[in-house]
Amino acid sequence: MAAETLAAAGARVLLAEAKPSVGRKLLMAGKSGLNLTKDEPPAIFADAYGPAAEWLGPMLVAFGPAEARDWARGLGQEVFTGTSGRVFPVAMKASPLLRAWLARLTGAGVEIRARWRWLGWAEDGAARFATPEGARTLAPRVTVLALGGASWARLGSDGAWAQILAARGVPLAPFAPSNGGFRVDWSPAMARHFGAAIKPVALSAGGRTARGEFVLTAGGVEGGGIYALGPVLRDGAALTLDLLPDRAEAETARRLARPRGGASLSNHLRKTLNLGPAKIALLRECVPDIAGAGPEALARALKALPLPLLGPAPMDEAISTAGGVARAGLDPALMARAVPGTFCAGEMLDWDAPTGGYLMTACLATGRWAGLAAARALSDASSG
Ligand SMILES: Cc1cc2nc3c(=O)[nH]c(=O)nc-3n(C[C@H](O)[C@H](O)[C@H](O)COP(=O)(O)OP(=O)(O)OC[C@H]3O[C@@H](n4cnc5c(N)ncnc54)[C@H](O)[C@@H]3O)c2cc1C
């Protein structure tokens, strides 16, 4: 996005990518349909960025959900709005969009160099690269770094840039997994439910509640409902589940008080509350002595089931990472105060958001913002 913006402003642009090809994480995001943005009013959309909403606000006003849709259409990708306002390309993958984008970039004169790893700065301030032809240095008039976060390192975003920037005095917030799973020490009885979706469910932690769903995995839990509470869960807040978010506790207890006859607890839960096997297993797992409980205690457990988490799943498995270049280290144009002429954009910046298209939109918006600012810096220098 920054490269395209700079090229459109007439700059000669070289795009250096460490991996053998560009956009590998974009292609991976395409495997789940490529949720580009969310069809929401601007204020609600911006809220998803939590403490960074104010910082990113002007960038998202300049390039928000409507612009993200137009951008995809401009690359020949018709989009549609799915349930809950999530916007996807009709193709439900990233490859046609990426192909069209690369063709447009090349057409605009952007030179793409794959297997060029940026290594930081030489003594004289030149940019250093490791390339297949050996070490190279370049002295660009402006640089936009868009090096990604620190998860899915095999796709290129290994976070190795953090040390380079820290050494130059750019303040960084520590990386933390975001939109990732949390670990649970399941008993063997849970194994047959791995892969099962728990839905509908309301999840509460740290005074926040999110309605959604999640999946039971061998290592723990993951999915939208968990991601939505990620920041508070990361801070150690206890998680409780409401397995019957559409039924009040009193009504739940009343149903459970119906005569049970010789039915097992599982059958009783299924018949009176239409509870599926995975939810029943979760109830038994989290409250091992539930079998002898009366209707009120059972209803209470179903409406506020404590699920002990051991902590986040490994960062490399997270969809995104929080942390990165701190706002304080950048001017409002996203230029690093410690390295004039160097701008930062995308997931490498210290903002965080849930899944839902917020990640991609902010990456595009900040890339465009940095590109425009870098182009302004070039023209100021020329006219000055
Ligand atoms: C499985 C998965 C699904 C996702 N689904 C969605 C989704 O549906 N919607 C959504 O909004 N977001 C989604 N995301 C998140 C989204 O893909 C990222 O937030 C986004 O790609 C970040 O863009 P970026 O340009 O900042 O970084 P990246 O896309 O990570 O790109 C950074 C690039 O910099 C390169 N690089 C790193 N270091 C160097 C170096 N030293 N020199 C040269 N090049 C370097 C990397 O190789 C990489 O190509 C998903 C992520 C994953 C993992």
Side-chain angles (χ1 to χ4, degrees), residues 1-4 14-38 45 48-49 65 68 71-72 79 82 86-89 92-94 97-98 101-102 112-121 127-131 136 138 143-165 175 177-181 222-224 227 313 315-322 324-325 334 343-371:
M1 200 68 176
E4 190 159 44
L14 183 142
L15 194 161
E17 162 61 56
K19 297 303 264 186
S21 60
V22 302
R24 292 184 170 212
K25 195 175 253 186
L26 185 65
L27 290 173
M28 177 56 73
K31 292 211 167 161
S32 49
L34 195 66
N35 184 189
L36 287 169
T37 192
K38 195 144 177 207
F45 187 83
Y49 300 89
W71 167 79
V79 295
R86 291 170 180 233
V87 177
F88 298 88
M92 289 295 278
K93 55 182 177 179
L97 182 142
L98 181 59
W101 204 9
L102 291 176
I112 299 176
R113 298 267 194 279
R115 294 194 171 91
W116 270 48
R117 172 170 283 274
W118 175 78
L119 298 174
W121 296 272
R128 292 172 50 232
F129 295 90
T131 81
R136 292 285 306 270
L138 293 176
T143 300
V144 179
L145 299 175
L147 306 175
S151 68
W152 290 70
R154 67 179 181 279
L155 302 180
S157 45
D158 56 17
W161 52 264
Q163 278 191 354
I164 304 171
L165 293 195
F175 292 124
S178 183
N179 298 305
E222 61 183 52
Y227 304 160
M315 186 153 73
D316 198 48
E317 296 169 13
I319 285 180
S320 61
T321 45
V325 180
L334 297 179
F343 299 76
C344 301
E347 200 183 311
M348 70 185 289
L349 302 179
D350 179 24
W351 53 265
D352 190 18
T355 52
Y358 302 107
L359 300 166
M360 203 67 84
T361 302
C363 288
L364 294 169
T366 54
R368 179 179 171 278
W369 191 264

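Remember, it's 1-based here, ligands and their atoms both numbered in the order they're listed.
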Residue-ligand contact [X]/ligand 1, heavy atom below 4.0 Å:
| X | value |
| --- | --- |
| W116 | yes |
| R117 | yes |
| V22 | no |
| W161 | no |
| S320 | no |

Which of the numbered atoms in ligand 1 are below 4.0 angstrom from a heavy atom of [X]?
| X | value |
| --- | --- |
| A16 | 43 (C), 44 (N) |
| S157 | 30 (O) |
| G346 | 26 (O) |
| K19 | 47 (O) |
| G357 | 11 (O) |

Could you tell me whether [X] and ligand 1 have an N or O pair separated by under 3.5 Å?
| X | answer |
| --- | --- |
| E17 | yes |
| W152 | no |
| M360 | yes |
| A318 | no |

Nearest-0.5 Å distance, [atom1] of residue [X] to [atom2] of residue [Y]:
| X | Y | atom1 | atom2 | result |
| --- | --- | --- | --- | --- |
| L359 | D352 | CG | CG | 8.0 Å |
| L27 | L155 | CG | CG | 9.0 Å |
| E347 | S178 | CD | OG | 8.0 Å |
| F343 | L349 | CZ | CG | 12.5 Å |

Evaluation steps, side chain to side chain contact (heavy atoms under 4.5 Å, CB included), between L145 and L165:
CA-CA 10 Å; L145 299 175; L165 293 195; 3.9 Å; yes
I need the nearest protein heavy-atom contact for [atom]: residue, atom name and distance, please.
| atom | value |
| --- | --- |
| atom 43 (C) of ligand 1 | A18 N, 3.2 Å |
| atom 5 (N) of ligand 1 | A29 CB, 3.3 Å |
| atom 23 (O) of ligand 1 | C363 SG, 3.5 Å |
| atom 1 (C) of ligand 1 | M28 CG, 3.6 Å |
| atom 19 (O) of ligand 1 | E347 OE1, 2.6 Å |
| atom 42 (N) of ligand 1 | W118 N, 2.8 Å |
| atom 29 (O) of ligand 1 | K25 CB, 3.7 Å |
| atom 28 (P) of ligand 1 | G148 CA, 4.0 Å |

Between W161 (side chain) and W118 (backbone), is there a donor-acceptor pair under 3.5 Å?
no
N179 side chain vs T355 backbone, donor-acceptor pair below 3.5 Å
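Looks like yes, one N/O pair under 3.5 Å.
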Is a side-chain donor-acceptor pair under 3.5 Å present for S151 with D316?
no
Under 3.5 Å, is there a donor-acceptor pair linking the side chains of E317 and W152?
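No, because no side-chain N or O of E317 sits under 3.5 Å from a partner of the opposite role on W152.
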Between Y358 and Y49, how do the two ring planes meet: parallel, tilted or perpendicular, split at 30° and 60°?
perpendicular
What pairs of residues pass the side-chain hydrogen bond (donor to acceptor under 3.5 Å, both in side chains) test when at least one of them lies in residues 360-369, not counting sequence neighbours?
T37-T361
Against S157, only a single residue in R24, K19, K25 fulfils side chain to side chain donor-acceptor pair (under 3.5 Å); can you say which?
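With S157 as partner, R24, K19, K25 yield a single side chain to side chain donor-acceptor pair (under 3.5 Å), made by K25.
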So does R115 have more than 12 non-hydrogen atoms from other groups sitting under 6.0 Å from CZ?
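12 or below, so no.
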Decide if atom CZ of R113 counts as having more than 12 heavy atoms of other residues, nucleotides or ligands within a radius under 6.0 Å.
yes
Closest candidate by heavy atom, reference [atom], pool [options]:
| atom | options | result |
| --- | --- | --- |
| atom 31 (O) of ligand 1 | G156, A130, A146, A362 | A146 |
| atom 52 (C) of ligand 1 | I319, L359, T355 | I319 |
| atom 7 (C) of ligand 1 | D316, I164, N35 | N35 |
| atom 39 (C) of ligand 1 | L147, L349, D158, L26 | L147 |

Ring centres under 6.0 angstrom apart (W121, F129):
no
